[in-house]
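Everything on this sheet refers to the single structure shown next.
As the structure is a computational prediction, the values presented were derived from the model and not from experiment. Chain identifiers are assigned alphabetically (A, B, ...) following the order of the sequence lines, protein sequences preceding nucleic acid strands; residue numbering begins at 1 within each chain. Atom set for the values below is all heavy atoms of this structure, side chains included, hydrogens, waters and symmetry mates excluded.
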Number of protein chains: 2
Amino acid sequence: MKTYQPRLLQEDLYSIPIDAFFKSAFSVDCVIFGYHEAELKVLLIQRGTEPFENYWALPGDLVYPNEDLDSAALRILNDLTSLTNIPIQQVKTFGKVDRHPLGRVITIAYLALVEPTDLAPHASSWASDTRWHPIDDIPQLAFDHREILEVSLEELRSRILHEDLWSKVLPAKFSLTQFQELFETILGKTFDKGNFRKKVVKFKFLQKLEEAQRGVSHRPSLLYSFDAKRYQEMKANGFSFEF
Amino acid sequence: MKTYQPRLLQEDLYSIPIDAFFKSAFSVDCVIFGYHEAELKVLLIQRGTEPFENYWALPGDLVYPNEDLDSAALRILNDLTSLTNIPIQQVKTFGKVDRHPLGRVITIAYLALVEPTDLAPHASSWASDTRWHPIDDIPQLAFDHREILEVSLEELRSRILHEDLWSKVLPAKFSLTQFQELFETILGKTFDKGNFRKKVVKFKFLQKLEEAQRGVSHRPSLLYSFDAKRYQEMKANGFSFEF
DNA sequence: TCAAAAGTGTTATAGGTACACCCATGT
DNA sequence: ACATGGGTGTACCTATAACACTTTTGA
């Protein structure tokens with residue numbers, strides 16, 4: 001039987017002994033953040049099987065042999081939330097030797113930001129529960145999922161400034177206060193109202209509408225919509241928020 | 001024989017049929033950038049075996065079963081350059097189904113920035129040649145290595161602003177002009193001399209030394225050293241360059 | 001004394017920060 | 001009329017950009 005000679009036949013599958021190098025697998029884990037009305041949550045499943053039975057965990061799955069990594073992440077997202085057409089982003093690959101008790105499994109973490117919709121009914125055999133957890137009240141997690149979640153949260157904070165992830169969790173018509181709340185919640189900061197508005201209105205991708213809020217017991221706020229095309233143009237020229 | 005029921009036994013190795021899910025492997029590819037005197041290069045090897053025999057490629061290798069991903073990347077870096085103690089950073093994982101002609105192989109790309117030292121003698125069987133290539137004169141590459149290189153270059157440009165990668169490729173004592181050249185080369189921009197210096201001197205981690213350049217036929221420049229401790233303090237408070 | 005690159009200074013403009021204040025609505 | 005949050009204006013200060021200028025060296 002052939003043995004693997006490091007560096008001799010690099011990346012040549014035929015020279016690798018099954019029993020040494022193929023005791024490994026790769027999975028995708030999804031960190032699905034949900035934002036709604038100044039609350040940031042994350043979607044966790046409760047595991048129905050060993051290892052880590054009954055622990056909460058990030059939803060994840062092995063990648064099918066004929067499936068791209070991105071597709072696998074989208075599949076998981078879609079299975080759980082029925083959402084399609086959501087942009088997902090690779091965060092990082094976690095591959096510590098001992099991260100999985102049953103063997104060598106590396107996992108590629110993906111990130112999405114969605115509105116916390118009602119959850120699709122799930123097969124009870126694969127997860128005993130599925131639930132949105134507030135980001136500052138996370139139970140003990142299986143595997144290294146705590147670390148994956150923390151890294152992903154940092155990544156979310158960074159990406160929200162460089163991409164229009166946020167546009168998926170705002171209503172079609174929104175007030176500048178809602179817009180500010182979103183960034184305050186996710187970044188964990190607060191901003192001066194006047195200065196925030198000045199900064200944000202300069203960027204021409206927030207379109208002021210004729211319409212206003214109704215039925216509130218204070219001055220109604222004017223509504224804005226997001227001009228995605230303009231945003232993309234500006235992004236192409238290097239635009240990003242600097243909050 | 002057990003078959004894999006999607007979602008039923010998530011991440012449970014024992015339920016996965018070898019012949020369906022284990023025809024895969026993962027490797028690490030290193031994008032080793034070299035910077036010296038206003039020149040940015042990348043270290044490529046020429047493949048000595050099929051597939052893509054004789055093509056230039058990023059140095060990479062399969063990850064050993066008992067080896068962490070980071071360790072694998074460091075091993076490759078060390079084998080080629082004899083450098084140790086170099087910070088490496090994960091860039092992204094590339095996993096298109098058809099990216100490798102011989103089977104399902106995903107690869108985790110790593111990035112490093114080093115001084116282009118003399119190369120360690122290499123086993124001729126694993127690579128027929130090893131060479132630094134100027135970043136704007138890259139030959140056709142094997143696999144999807146062109147894409148990996150491009151993504152990694154973008155990542156380098158971004159990281160150089162947020163981390164002190166650059167400190168590894170400057171001499172212990174350097175002039176502000178050298179410092180400026182480095183950022184100009186890597187970012188592909190030019191900066192006004194006076195403004196650049198003003199901006200950079202404000203940050204207290206460049207220590208002006210008593211010493212000056214010698215033997216140049218113009219006014220000798222004052223030399224600076226890098227105060228890594230101070231930099232780390234500032235980084236902890238959220239510092240990054242904004243060039 | 002000249003070329004070359006180091007290093008400093010000046011000015012106009014833009015942008016950020018910290019406020020105070022006014023406005024429109026429902027109760 | 002008042003509480004509530006929406007929305008605007010101002011004054012100060014700092015950062016930036018463009019550019020001209022002075023300084024030090026070797027040849």
Side-chain angles (χ1 to χ4, degrees), chain A residues 36-39 161-162 170-185 187-226 234 237-243, chain B residues 36-39 161-162 170-185 187-226 234 237-243:
Chain A
H36 186 66
E37 289 182 359
E39 274 213 295
L161 302 176
H162 296 85
L170 284 176
K173 302 170 181 181
F174 54 87
S175 68
L176 291 185
T177 302
Q178 284 177 301
F179 192 73
Q180 180 174 349
E181 262 177 355
L182 192 161
F183 283 92
E184 289 186 335
T185 302
L187 298 176
K189 301 180 186 177
T190 57
F191 304 108
D192 178 90
K193 187 177 30 143
N195 296 335
F196 184 89
R197 299 165 93 89
K198 256 176 286 179
K199 182 179 284 188
V200 130
V201 166
K202 274 203 321 270
F203 311 134
K204 306 296 191 188
F205 54 76
L206 296 186
Q207 288 261 327
K208 186 187 266 180
L209 304 176
E210 296 304 313
E211 212 170 329
Q213 234 180 358
R214 284 178 46 198
V216 288
S217 76
H218 55 76
R219 178 170 174 177
S221 51
L222 297 175
L223 297 179
Y224 289 74
S225 69
F226 172 51
M234 295 183 60
N237 292 331
F239 167 84
S240 79
F241 286 119
E242 281 171 22
F243 292 145
Chain B
H36 186 66
E37 289 183 358
E39 274 214 295
L161 301 176
H162 296 85
L170 283 177
K173 303 170 180 180
F174 54 87
S175 69
L176 291 186
T177 302
Q178 284 178 301
F179 192 74
Q180 180 174 349
E181 262 177 355
L182 192 161
F183 283 92
E184 288 185 336
T185 303
L187 298 176
K189 299 180 186 176
T190 56
F191 304 108
D192 178 90
K193 185 176 35 141
N195 297 333
F196 184 89
R197 298 165 94 90
K198 257 175 283 180
K199 181 180 283 187
V200 130
V201 165
K202 275 203 320 270
F203 311 135
K204 305 296 191 188
F205 53 75
L206 297 187
Q207 288 262 328
K208 186 187 268 180
L209 304 175
E210 298 303 312
E211 212 170 329
Q213 234 179 358
R214 283 178 47 197
V216 288
S217 78
H218 56 75
R219 178 168 173 177
S221 52
L222 297 174
L223 297 179
Y224 288 73
S225 70
F226 172 52
M234 295 182 62
N237 291 332
F239 168 82
S240 78
F241 285 119
E242 283 171 20
F243 292 144

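Ranked by how close their nearest DNA chain D nucleotide is to the 5' end, A:Gln178 and B:Val216 are led by A:Gln178.
The distance between atom CG of A:Leu223 and atom C1' of D:dG5, rounded to the nearest whole Å, is 15 Å. One can place CZ of B:Phe174 at 12 Å from P of C:dG7, the figure rounded to the nearest angstrom. As rounded to whole Å, 19 Å separates atom P of C:dG9 from atom CZ of B:Phe196. Per the geometry, CD belonging to A:Glu242 stands 8 Å off P belonging to C:dG16, to the nearest Å. Rounding to whole angstrom units, CD of residue A:Gln180 and P of D:dT8 are separated by 14 Å. Between A:Phe243 atom CZ and C:dT17 atom P the separation is 11 Å, expressed in whole Å. Note: CZ (A:Phe203) to C1' (C:dG15) measures 11 Å, nearest angstrom.
For A:Glu39, there are no side-chain hydrogen bond (donor to acceptor under 3.5 Å, both in side chains) partners two or more places apart in sequence or in a different chain. Remark: B:Gln207 engages no residue in a side-chain hydrogen bond (donor to acceptor under 3.5 Å, both in side chains) (not counting sequence neighbours).
Rounding to the nearest 0.5 Å places CZ of A:Phe191 at 7.5 Å from CD of A:Gln180. Atom CG of residue B:Leu161 and atom CD of residue B:Glu242 lie 9.0 Å apart, to the nearest 0.5 angstrom. The CG atom of A:Leu182 sits 12.5 Å away from atom OG1 of A:Thr177, with the distance rounded to the nearest 0.5 Å.
The side chain to side chain donor-acceptor pair (under 3.5 Å) contacts involving residues 217-226 of chain A comprise A:Gln213-A:Ser221, where partners must be two or more places apart or lie in separate chains. For the salt bridge (charged side-chain N to carboxylate O under 4.0 Å, His left out) condition, the pairs that include at least one residue of residues 198-213 of chain A, sequence neighbours left out, are A:Lys173-A:Glu211.
At least one side-chain nitrogen or oxygen of B:Thr177 sits closer than 4.0 Å to the OP1 or OP2 atom of C:dA6.
Nucleic acid contact class of B:Leu176 (heavy atoms, under 4.0 Å, all strands): none.
Nearest to the side-chain atoms of B:Arg197 among the listed nucleotides D:dA27, D:dT16, C:dT8 stands C:dT8.
Aromatic pair A:Phe226/A:Phe174: ring centres not closer than 6.0 Å. Between B:Phe183 and B:Phe241, the gap from one ring centroid to the other is short of 6.0 Å.
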Could you write out each protein N or O paired with an N or O of nucleotides 17-24 of chain D at a distance under 3.5 Å?
{"from": "D:dA17", "atom 1": "N7", "to": "B:Asn195", "atom 2": "OD1", "distance (Å)": "3.1"}
{"from": "D:dA17", "atom 1": "N7", "to": "B:Asn195", "atom 2": "ND2", "distance (Å)": "3.3"}
{"from": "D:dA18", "atom 1": "N7", "to": "B:Asn195", "atom 2": "ND2", "distance (Å)": "3.0"}
{"from": "D:dA18", "atom 1": "N6", "to": "B:Asn195", "atom 2": "OD1", "distance (Å)": "3.3"}
{"from": "D:dC19", "atom 1": "N4", "to": "B:Asp192", "atom 2": "OD2", "distance (Å)": "3.3"}
{"from": "D:dT23", "atom 1": "O4'", "to": "B:Arg219", "atom 2": "NH1", "distance (Å)": "3.3"}
{"from": "D:dT23", "atom 1": "O2", "to": "B:Arg219", "atom 2": "NH1", "distance (Å)": "3.1"}
{"from": "D:dT24", "atom 1": "O2", "to": "B:Arg219", "atom 2": "N", "distance (Å)": "2.7"}

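End-to-end axis angle for the helix from C:dT1-D:dA27 to C:dT27-D:dA1, using five pairs per end and rounding to 10°, comes out at 10°.
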